[in-house]
Amino acid sequence: MKYALLFFLTILGATTLFAQEFKISGRVVDTGTKEPLEAATVFAEAVKDSSLVVYSITDAKGRFELEGKTALKKINLIVSFVGFKSYTQVIDLSSQREYDLKEIALSSATENLNEVLVVGRTPPIRFKQDTTEFNVASFDTKKDANVEDLLKKLPGFEVDANGAVTVNGIPVDKVLVNGKPFFGNDPTIATRNLTKDIVEKIQVVDSRTRTQAFTGEQSDGENKTVNIKIAKDKNRGTFGRVAAGAGTDERFEYAGIANYFDNDLRLSVLGGGNNINRAGFNFGEVSSTFGRGAAWSITGGGNDGGIINSRVGGANYADDWGKSTNQATANYIYQASNTTQDRRSSAKSDIPERNPDTDELVYRTQFSESMSNSYSTNDRHRFNPEYETVIDSAYYIEIRPDFSYNESFNTSNSEEDTFDENREILNESEGFSSRTSFSRDFNNRLSVTRRYGSGGGYIRLDLNNSYSKDESNSSNQNEVIAYVPGTQGQVIDEENSLIRDQIIEGNQQNNNLYTRLRWKAPIVKDLFFFSAEYSYNQDLREDENFVFDQNRDGALDTEQSADFSNENVAHRPELGLEYRDKKLNIEVEGAFIFRELASNETITDVAFDNYFEALEIEVDLRYQFTKNTRLRFGYDLENDIPNINQLSPYVDISNPTFIRTGNPDLDPTTQNRFNLNFNTYDVNKEANFYVYSNYSASNNEIISNTINENGFRRSTFANVDGNYTFSSGSGYGKNFKLDSLNSVRLNLAMNYNLRQRQNLVNGTQFSALNESYGPRVDFNYTYSEMVSARIGYNPNFEYNKFENENQNDVYILRHEASADLRFTFGNLEFENVLNYNYNSNIQEGFQKGSLFWNSSIQYSILKDNGLITLRGYDVLKQNNNARRIVQGQGYVDVQSLILQRYFMLGFSYKFNTLGDKPPGYDRGDGGRRYRGRRY
């Protein structure tokens, strides 16, 4: 590492020594009208090989400034704007480093189309109304780059270790290929498997639903969609990748994906598996070592730890039927996992009590120690076809059924001991449980939209129906031994001690019907709108849970068995107004909810029927100062209705140390939420800034009301006031181009959170205030494709203050630092990823800190189609997930089984025939048909 750092500094010094600063400014106008042209692209490129040096865009007054560093003596300056002829000028930097070009006039492209085709050149970036388009050929990457590597080179793009993408600080929630989804909802399947050489353009737009796109509704601007546009001559053929690896401690992984493209037709299959906690689908890139897995996540892993053996497989189909207005997709996904888990925790709680003689409130400290281990298996099959069509440009119909089947098995053992403030034992318990379940789910969505006129009016009908059934068989064995307080664990409390041995048969069914009719009409065409909506939801649930006591020869235990019939019916009328122009968008909606919750339990004859009415309001204001600068304000008045379990007076005694029941007298919770968000991106300086604030306050919030006696708890629910949450933060990021090869990216951020929560224990209400804040610094350096370094640091300060002075406040300080250093020398790549964390306040017996180090060496062979990789995971064997969690009455320290050191040797191979011409292919007639398709 010492020599690598020395080499890194040498490269940085040598490449910046000869580069000199330059500046070119001017103003771009329309030749005919002399009006300024906003968002025209201005860029400089090398005369010799047309490589991009620097680029900029014009502001609202048509002005631009190109600033950069280069050792080149001459550069080409090019100005481009959609619908206009391009302007080109050679700039001599050998004698002068600063130029003011005054006014550059562009003439309309319609005057001489042939001249535009000859003189015009595709700019690196182009703005088309609401679309930002990047010309892939203008951005240099390593020769075998995939789309993710390409995105990292585009201005404004950020890609983290998990593959999550942001553009100008705004998250990307959709990645499309030629305008269509690519294999489900996991964007990394496209970004990590499509190669740069088949891509022509990268397009970025504000995310909209398909219905919004059809009706012309504006996006809220909170997310972006990236469309990968494949070059027309490379949109037919097959491509994919296969990989496998074997390592120490019997670690393994394998993965493969194959795709067939034939213009609109796309077929894909994939499969993979591993026992190294990579839930989802990937090829084991070391950069994603800290990743949370793909969107097809499998239960397990993450902060909860565990060792997971996972498998995934699937197939995807997409095509246009007849016309481009008829599109069909279908995918089948199989997911499976085996998870082994060990967990231990140590908790401290301050329990409030009233002195029976003086009525004085005192706090009694209570400790608990617990250990558990579990093993689970899960197999899931899911089939999801979709069909959409546009009829006569007026009707849009979307059908989306979803079928799934799931089998699961879980077994667990647990032990827990509870102590008083003198560490004298109060009770101890042991438990064993196992459960096997089979579930079937069906959901279907039908949406019909009728667009009328040209002013943005439409009528939409949504119909959703779903059915699910879950059958389970369980066994449950518990032994609880309670001791008389003050006897130092010598005298057993027979009344609270018990032994259970149960067999449980469960059957749950759910039928749901949801329908919504929405009408939107323009009051002023394309400017002012009125909307009316009505929705109806009916949810019917049957929940049978029959408990058979093996200590009584398998007799039915009527106290713990239950046979519920639950009904949730809601009517929701809504009215709304919307104003929108090029910069300002205001939406105001108001709704009234009429909801009835009814429940009937036949075994214990417990029933209730509650009726609720509530008002909801939503206000959304968005103002766009410029294309990349926007402000958003929102207000929501929401009402959360108590659920069936919170309302039902049924007494749940399945856990002998924690007995629960509902409260049928609960009121709805009223939430008032405010949010403010501002973000801006300066294209010329490649800098972004954001700031946000959120505040939420509630009335009648539903919380647990617990009675704690010697470690045994009885809990119900109650309404309280006084809960609120406030959060705020800001961030700044900027690219610094040292020259054409060296660049630095600096990201700074700060967040602050404040939360107050009410607690009810032993009849006493008290508040807990949680305050946390922390800065974050990220430094990124790249030198061409040879060197990249990323260093980050994020401390977090947390204060937990309790209302009563007898309770001890809890202070937590966490340090997190990370580094990613990568070197590329021809076909050889060397990467090291380090993550250091330290919990200063965790108690003895738990690992406070660790240095998590992953390393890899990979070598390209077979004309860069093959890749040999040697990876080391957790090289220092320090990986752990110990953490402290603050609860209403105290805290709990937790640590669980986690994957640790292994070394793995792997090989991957990619294949690609996209763009290969089929036999008999001939362009002589301007494109001929081949197997029914035109090229």
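Here the structure is a predicted model, which is why all the values come from computation and not from measurement.
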* Given salt bridge (Lys or Arg N to Asp or Glu O under 4.0 Å), test Lys520 with Glu578 step by step and report yes or no. => CA-CA 10 Å; Lys520 188 172 183 178; Glu578 179 185 359; 2.4 Å; yes
Chi angles and distances behind the side chain to side chain contact (heavy atoms under 4.5 Å, CB included) call for Asn135, Ile125:
CA-CA 6 Å; Asn135 176 37; Ile125 183 172; over 6 Å; no
Quiz item: Hey, is NZ on Lys583 packed in by over 12 heavy atoms from elsewhere, all under 6.0 Å?
Solution: yes
Pi-cation contact, Tyr395 with Arg450 (under 6.0 Å, within 45°) | yes
**Asked** Looking only at atom types and distance, does a side-chain atom of Tyr99 sit under 3.5 Å from a main-chain N or O of Asp92, one as donor and one as acceptor?
**Response** yes
- Any side-chain heavy atom of Thr191 within less than 4.5 Å of one from Leu151? yes
Would you confirm whether Thr31, through its side chain, and Leu106, through its main-chain N or O, come within 3.5 Å as a donor-acceptor pair?
-> yes
Item to complete: Establish, for the pair Arg236 and Phe261, whether the NZ or CZ atom is under 6.0 angstrom from the six-membered ring centre and no further than 45 degrees off its axis.
Response: no
Rounding to 0.5 Å, atoms CD (Glu67) and CZ (Phe22) come to a distance of 9.0 Å
Is there a donor-acceptor contact under 3.5 Å linking the side chains of Tyr692 and Asn694? no
Between Asp30 and Phe84, does the side chain to side chain contact (heavy atoms under 4.5 Å, CB included) criterion hold? Intermediate values first, please. CA-CA 9 Å; Asp30 184 336; Phe84 287 77; 3.6 Å; yes
- Message: Taking the side chain as everything from C-beta on, heavy atoms only, tell me whether Tyr732 gets closer than 4.5 Å to Asn688.
- Response: no
request  = Measure from the ring center of Phe157 to the ring center of Phe134 and say whether it is less than 6.0 Å.
outcome  = yes
Fill in: Backbone N/O of Ala39 and side chain of Thr58: donor-acceptor pair under 3.5 Å
yes
Residues 742-751 vs salt bridge (charged side-chain N to carboxylate O under 4.0 Å, His left out), sequence neighbours excluded, gives Glu158-Arg745
- Please lay out, stage by stage, how Val29 and Ile104 fare under the test side chain to side chain contact (heavy atoms under 4.5 Å, CB included). CA-CA 6 Å; Val29 299; Ile104 298 175; over 6 Å; no
request  = Report yes or no: do Arg632 and Asn677 form a side-chain donor-acceptor pair below 3.5 Å?
outcome  = no
Salt bridge (Lys or Arg N to Asp or Glu O under 4.0 Å), that's the test. Do Asp206 and Lys224 meet it? Break it down for me.
CA-CA 5 Å; Asp206 288 339; Lys224 292 286 187 181; 2.7 Å; yes
With a 4.5 Å limit on heavy-atom distance, are the side chains of Glu587 and Leu621 in contact?
no
- For residues Val28 and Phe81, determine if any side-chain heavy atom of one lies less than 4.5 Å from a side-chain heavy atom of the other. no
Test log, rule side chain to side chain donor-acceptor pair (under 3.5 Å), inputs Arg518 and Tyr458: CA-CA 8 Å; Arg518 180 175 176 82; Tyr458 66 87; 3.1 Å; yes
Do Asn679 and Tyr681 pass the side chain to side chain donor-acceptor pair (under 3.5 Å) test, and can you show the C-alpha distance, the side-chain angles, and the key distance before you say yes or no? CA-CA 7 Å; Asn679 64 75; Tyr681 183 77; over 6 Å; no
(request) In sequence, state the C-alpha distance, the side-chain angles, and the governing distance for Phe625 and Tyr623, and then conclude on ring-ring contact (aromatic ring centres under 6.0 Å, His included). (result) CA-CA 6 Å; Phe625 298 90; Tyr623 188 81; 4.7 Å; yes
Test side chain to side chain donor-acceptor pair (under 3.5 Å), reference Gln203, set Thr131, Asn227, Thr225, output is Asn227
Original post:
Are Lys229 and Glu200 close enough for a salt bridge, meaning some N to O gap below 4.0 Å?
Top reply: no
Query - Distance-only polar pair, side chains of Glu618 and Tyr635, donor-acceptor under 3.5 Å - result: no
- Message: Between Thr629 and Thr680, do the side chains contain a donor N or O and an acceptor N or O under 3.5 Å apart?
- Response: yes
### Task
Check whether NZ of the Lys or CZ of the Arg Lys153 lies under 6.0 Å from the centre of the six-membered ring of Phe139 and within 45 degrees of that ring's axis.
no
Can a side-chain donor-acceptor contact be found between Thr782 and Ser788 if the only test is distance below 3.5 angstrom?
no
Asn146 and Thr195: side chain to side chain donor-acceptor pair (under 3.5 Å), yes or no, with the steps?
CA-CA 4 Å; Asn146 57 24; Thr195 54; over 6 Å; no
- Regarding Asp173 and Ser207, is there a side-chain donor-to-acceptor distance under 3.5 Å anywhere? yes
Just do the side chain to side chain contact (heavy atoms under 4.5 Å, CB included) check on Val744 and Phe779 with the steps written out, would you?
CA-CA 7 Å; Val744 172; Phe779 173 86; 3.3 Å; yes
Exercise. Quick one: do Glu21 and Arg97 make a salt bridge, cutoff under 4.0 Å?
Worked result: no
Determine yes or no for a side-chain-to-main-chain donor-acceptor pair under 3.5 angstrom, with Asp581 supplying the side chain and Leu584 the backbone. yes
Practice item. Check whether more than 12 heavy atoms from other residues, nucleotides or ligands sit under 6.0 Å from atom NZ of Lys180, and answer yes or no. Key: yes
* Asked: Would you say the side-chain atoms of Asn585 and Arg580 include a donor-acceptor pair closer than 3.5 Å?
  -> no
Are Asn747 and Asn780 packed together at the side-chain level, in the sense that at least one heavy-atom pair is separated by less than 4.5 angstrom?
yes
Within a strict 4.5 Å, meaning less than it, do heavy atoms of the Leu37 and Glu35 side chains meet? no
